[in-house]
**Student:** 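One structure follows; several queries about it will come next.
Computed over heavy atoms, backbone and side chain alike; hydrogens, waters and symmetry mates excluded. None of these values were measured; they are calculated from a predicted model.
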Amino acid sequence: LQGIVHGSQASPVYTLMLRCSQNAPPSLRTTCYSFLGTLEILGKQLSLFLAGVLAELFGYGVGLSASLAVSLMVVTLVWCCPVELKKTSV
């Protein structure tokens, strides 16, 4: 289940990042997308690290449940994206 949720958040998050970078000034679009991509990778790695720490301290059930909850929250946040970020104009 966790793998499905982690995988299901990748496409919407990258789509949202692409839209955000398209709404940036033309001279900053590439930098904006690269920066957002870096933040996404760092966030994913930090989430997995914290899940591992929780699993070591409290057991696998707690670690996996916390990681799953965070992943579901990300999918929910992308689903409820602000209108300004949903603009399709370039």
**Student:** State which residues pass side chain to side chain contact (heavy atoms under 4.5 Å, CB included) with Ile41; sequence neighbours excluded, sorted by chain then number.
**Tutor:** Tyr14, Gln45
**Student:** How would you list, by chain and number, every residue that makes a side chain to side chain contact (heavy atoms under 4.5 Å, CB included) with Phe58, sequence neighbours excluded?
**Tutor:** Leu54, Val62
**Student:** Which residues, ordered by chain and number, are linked to Leu39 in its hydrophobic cluster, where ILVMFWY side chains connect at heavy-atom gaps below 4.5 Å, directly or through other members?
**Tutor:** Phe35
**Student:** Could you pull out all residues at least two apart from Val53 that satisfy side chain to side chain contact (heavy atoms under 4.5 Å, CB included)?
**Tutor:**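 Testing Val53 for side chain to side chain contact (heavy atoms under 4.5 Å, CB included), a comparison that skips the adjacent residues, returns Phe49, Leu57.
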**Student:** Look at the side chain of Ser21 and the backbone N and O of Leu18, then say whether any donor-acceptor pair between them is shorter than 3.5 Å.
**Tutor:**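 Side chain of Ser21 to backbone of Leu18, a donor-acceptor pair under 3.5 Å: yes, one is there.
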